[in-house]
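These notes concern the structure reproduced below.
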Amino acid sequence: MKDGLRFKSIDIEHFKGITKRTLEIDGRSLLIFGKNKTFKSSFIQALLSPLDVKIRPSVPIQEGEERASIIMKLAGTQRGVEEEYTCELYFSPKNQKGRLVLTNKLG
C-alpha cells in the first residue's frame, strides 16, 4: 500500500452555519453540491481548518452558540506502518483562532 493519510471521518458542531454534521469518509472521494447558502463552503473550511490555519474563518462559532468544534480522524500508512490520528479543533469566544489537539492511537 502507498504511504499517505486519508480522511476517515469528520464531526462538526456549531461551526459557522453548520449546527451538527457527522460524515464517515473512509478515504473515499467526496462530491459536494447543493443550492446556494447550504453551507458547502463552510463544510470545506471545516474539513481543511485543522490542517491549515490560513483557512480558518475569522468568526468560526455559529451565531447564538458558545463554542464550536471540528473532530477529524485521519488514517493510512506512514513509512510502511498503519497509523491513525485524531485532530480536534476547538473554538471559544476567547480563542477564535482555535485550539488544536492532535493525538495518535497511543494517545
Side-chain angles (χ1 to χ4, degrees):
M1 177 181 236
K2 187 176 176 182
D3 277 0
L5 296 175
R6 292 172 180 77
F7 290 106
K8 190 169 180 178
S9 66
I10 187 166
D11 184 21
I12 307 163
E13 283 194 39
H14 307 301
F15 181 80
K16 294 183 73 174
I18 302 171
T19 300
K20 176 141 177 73
R21 174 68 59 195
T22 299
L23 183 63
E24 297 295 325
I25 301 167
D26 288 327
R28 296 184 308 259
S29 297
L30 292 175
L31 176 62
I32 302 168
F33 63 95
K35 294 180 180 180
N36 289 343
K37 305 213 186 252
T38 56
F39 308 111
K40 299 178 301 290
S41 296
S42 296
F43 176 78
I44 292 168
Q45 275 188 310
L47 193 63
L48 298 176
S49 285
L51 306 174
D52 188 346
V53 71
K54 295 176 200 165
I55 294 173
R56 294 180 193 163
S58 58
V59 182
I61 301 172
Q62 186 178 37
E63 189 175 324
E65 297 297 333
E66 290 292 317
R67 302 192 184 289
S69 66
I70 301 167
I71 300 172
M72 175 190 317
K73 292 192 184 283
L74 302 167
T77 306
Q78 294 290 92
R79 295 178 294 277
V81 177
E82 283 293 319
E83 297 286 351
E84 185 170 312
Y85 298 94
T86 302
C87 299
E88 300 172 71
L89 183 56
Y90 299 100
F91 300 97
S92 67
K94 288 185 178 181
N95 193 348
Q96 294 284 314
K97 288 290 182 187
R99 179 177 59 91
L100 181 65
V101 178
L102 178 64
T103 55
N104 64 8
K105 58 188 170 188
L106 301 176

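- No donor-acceptor pair under 3.5 Å is formed between the side chain of Lys105 and the backbone N or O of Tyr85.
- Cluster membership for Leu47 and Val53, using ILVMFWY side-chain heavy atoms within less than 4.5 angstrom, is not shared.
- Remark: side-chain polar atoms of Asp11 are not paired, donor with acceptor, to backbone N or O of Ile71 under 3.5 angstrom.
- In this structure, the side chains of Phe15 and Phe91 come closer than 4.5 Å at one or more pairs of heavy atoms.
- Residues Thr22 and Ile10 fail the side-chain proximity criterion, which asks for heavy atoms closer than 4.5 Å.
- Side-chain atoms of Arg67 never come within 3.5 Å of backbone atoms of Ser92 as a donor-acceptor pair (strictly under, hydrogens ignored).
- In summary, the side chains of Lys73 and Ser9 do not present any donor paired with an acceptor at a separation below 3.5 Å, with no hydrogens or angles considered.
- A 4.5 Å side-chain heavy-atom check between Pro57 and Ser49 finds at least one atom pair inside the cut-off.
- Cluster annotation: Phe7 and Val101 are assigned to distinct hydrophobic clusters (Ile/Leu/Val/Met/Phe/Trp/Tyr, side-chain heavy-atom contacts under 4.5 Å, transitive).
- Between atom CD of residue Gln45 and atom CD1 of residue Ile12 there is a gap of 10.5 Å, rounded to the nearest 0.5 Å.
- Side chain of Asp26 to backbone of Arg28: no donor-acceptor contact under 3.5 angstrom is found.
- To the nearest 0.5 Å, the span separating NZ on Lys40 from CG on Asn36 amounts to 5.5 Å.
- Lys16 contributes no side-chain N or O that, together with a main-chain N or O of Ala46, makes up a donor-acceptor pair within less than 3.5 Å.
- Leu74 and Val81 are assigned to two separate hydrophobic clusters, defined by single-linkage of ILVMFWY side chains at heavy-atom distances under 4.5 Å.
- Shortest non-hydrogen contact noted between Cys87 and Leu100 is CB-CD1, 4.4 Å.
- Both Ile70 and Ile55 belong to a single network of hydrophobic side chains, linked directly or stepwise wherever heavy atoms of I, L, V, M, F, W or Y lie under 4.5 Å apart.
- In this structure, CD on Glu82 lies 9.5 Å from CD on Glu84, to the nearest 0.5 angstrom.
- Remark: side-chain polar atoms of Thr77 are not paired, donor with acceptor, to backbone N or O of Gly80 under 3.5 angstrom.
- Atom NZ of Lys20 is separated from atom CD of Glu13 by 4.0 Å, given to the nearest 0.5 angstrom.
- When all heavy atoms of Lys8 and Ala75 are compared, the pair lying nearest together is CD-CB, 4.0 Å.
- Atoms NE2 and CD, on His14 and Glu66 in that order, are 10.5 Å from each other to the nearest 0.5 Å.
- We find the CG-CZ distance between Leu31 and Phe33 to be 5.5 Å, quoted to the nearest 0.5 Å.
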